[in-house]
There are 2 protein chains.
Amino acid sequence: MTKNPTGASAVLRDGPRFESVEAALSVAIHEHRLTPGTKLGEDEIGEIFGVSRTIVRAALQSLSHSQLVDMRRNRGAFVAQPSLTEAREVFEARELLEPRMARSAAAFAKPADVARLRRHINDEHAALDAADPGRALRLSGMFHIEIARIADQATIAGFIETLIARSSLIIALYWRRQSALCESFAHHALVEAIATGDGPRAEDLMRSHLVDLHSALDLRDRTTAPRSLRDALRR
Amino acid sequence: MTKNPTGASAVLRDGPRFESVEAALSVAIHEHRLTPGTKLGEDEIGEIFGVSRTIVRAALQSLSHSQLVDMRRNRGAFVAQPSLTEAREVFEARELLEPRMARSAAAFAKPADVARLRRHINDEHAALDAADPGRALRLSGMFHIEIARIADQATIAGFIETLIARSSLIIALYWRRQSALCESFAHHALVEAIATGDGPRAEDLMRSHLVDLHSALDLRDRTTAPRSLRDALRR
DNA sequence: ACCGGTCGGATTGTATACAATATTGTGTCC
DNA sequence: GGACACAATATTGTATACAATCCGACCGGT
């Protein structure tokens, strides 16, 4: 098992450190190829990547700390399933942090930064054209993280990174079909505001962008998700 | 080594899960008994707590994710040493998040919550009277976290928890002696504002409390705080 | 047939063994 | 005497072995 059977782990480049496995799992979750609730068996993952459970375990623990994965003692690791409450909290946090970051980004952005943002948007479009909505979603998340990075706030950027990750899970769980315009316009406008150094406008655009996103989710407290069998079966 | 030599690990109650080791190390760091830069050898820690390196490793990894510990490949784990830049970022983030949390806490606080906050302050005073400033500092941090919890924002409370942790390291590195009144008054006023449901006042008090704290640090860009031996010993 | 308990397989939790790497000490050459 | 090369040691990185726990199937009783 220690050998690397037929390129099963082509993703792993130099050293099979646990970060590689973590990144691969993280990307799969962000792209909705691993959906909330999926069991992540240690042996299985280890076999896929050609590493021992030691490595897999470290990767899962790290993902668990980012709340992408839920580890239950003696039960195993599962892709996390944020509750409605958590979903609302995540978006409240984003609405608190990200507009401020957008404003700072507009103040600090250098030409190279703007270019990078534009490239992100291009990649997003390309992914949509290639009928790869998972990849588009992941890139869209990276766009938001990039803005926090440009604002020169690595600490907050880290927070936003975990919020984006959980947002991906929330979208997987609570997205409502009908709204499909999917933000590429919003991102474009945001870049323009940042490019021209218009901080207040960038802040507003980010805020309304997040509100749009938030309202494209179905976070009503529907008592689906039956709280008790008695309630669920009383007909 | 698997046996438990002479109660060295009295801290560990039921199962020697890695969380116990993590908590013990975390408390020691918060109380400044482990200072920034200290090497955290895996064997040594394992021997102290009577667990194997597997457990220690998991604990260190978790602490590393909280940025209390810096793990360098093939080098080992060290208590983190936040740079001046990181220090400034941490306080900017706190000044963005915590006043908002204080306002929400004032809106949501139930009598039991207020009682818990008062108890925290009492414990803080007791620790100071007992000439245990480390414990007082740790309790002071828990006070801030508790406010975010009362605001019913578990996600943001988690962020603040890591910010508090890093603040503790920052205080260890950059605290300037002269300012010593050490916040107990500020906390008291804050609790009163929260108890009376005065959100705006709580927000203001928190903001100025953080500004006070921030300005009690010496975050000037002096090249002191010897980042490297080269700098430290060039005379 | 249904309910309960018990046994077996599978999976996770932990410890240990081995390999890889960095650091320190020593010796030799200039 | 000092600088470099090399060997010894210590520490971390990874894999594997073993123990503990859980889940499901089987089976006997009612």
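Values in this document were obtained by computation on a predicted structure and should not be read as measured data. Any value given below was found using the heavy atoms of this structure, including those in side chains, with hydrogens, waters and symmetry copies removed.
As rounded to whole Å, 17 Å separates atom C1' of C/dA10 from atom CG of A/Leu40. At whole-Å resolution of the value, CZ in A/Arg17 and P in D/dA15 are 13 Å apart. A/Phe49 has its CZ atom 18 Å from the C1' atom of D/dA15, to the nearest Å. B/Leu60 places its CG atom 13 Å from the C1' atom of D/dT11, with the value rounded to the nearest Å. Regarding B/Ile45, its CD1 atom lies at a distance of 17 Å from the P atom of C/dT14, rounded to whole Å. Rounded to an integer number of Å, the gap from A/Gln61 CD to C/dT12 C1' is 12 Å. For the pair B/Arg53 CZ and C/dC18 P, the interatomic distance rounds to 14 Å; values are reported in whole Å. Atoms CZ (B/Arg72) and C1' (D/dT12) sit 14 Å apart, rounded to a whole Å.
Nearest to the side chain of A/Ile55, among D/dT14, D/dC22, C/dA22, sits D/dT14. Taking only side-chain atoms of A/Asp43, from C-beta outward, the nucleotide of C/dT12, D/dT14, C/dA15 with the closest atom is C/dT12.
Proximity of A/Lys39 to the phosphate of C/dT12: a side-chain N or O atom is located under 4.0 Å from OP1 or OP2. Dashed line: the shortest gap from a side-chain N or O of A/Arg73 to OP1 or OP2 of C/dT14 is under 4.0 Å. Within the 4.0 Å cut-off from OP1 or OP2 of D/dA15, at least one side-chain nitrogen or oxygen of A/Ser52 is found.
Looking at heavy atoms from C-beta onward, A/Glu86 lies out of side-chain contact with B/Thr155 at the 4.5 angstrom threshold. A heavy-atom distance below 4.5 Å is found between the side chains of A/Phe91 and A/Leu217.
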Are B/Ser167 and B/Arg94 close enough, and set up right, to give a side chain to side chain donor-acceptor pair (under 3.5 Å), and what steps lead you there?
CA-CA 10 Å; B/Ser167 293; B/Arg94 291 187 63 174; 2.8 Å; yes

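With respect to the salt-bridge test (charged N to carboxylate O, under 4.0 angstrom), the residues A/Glu44 and A/Arg53 do not qualify.
Between B/Thr54 and B/Glu42, it is B/Glu42 whose nearest contact on DNA chain D lies nearer the 5' terminus.
Across all strands, B/Arg75 comes closer than 4.0 Å only to sugar-phosphate atoms, never to a base (heavy-atom distances).
Using a 30° and 60° split on the angle between ring planes, A/His65 and B/His65 fall in the tilted class, from 30° to 60°.
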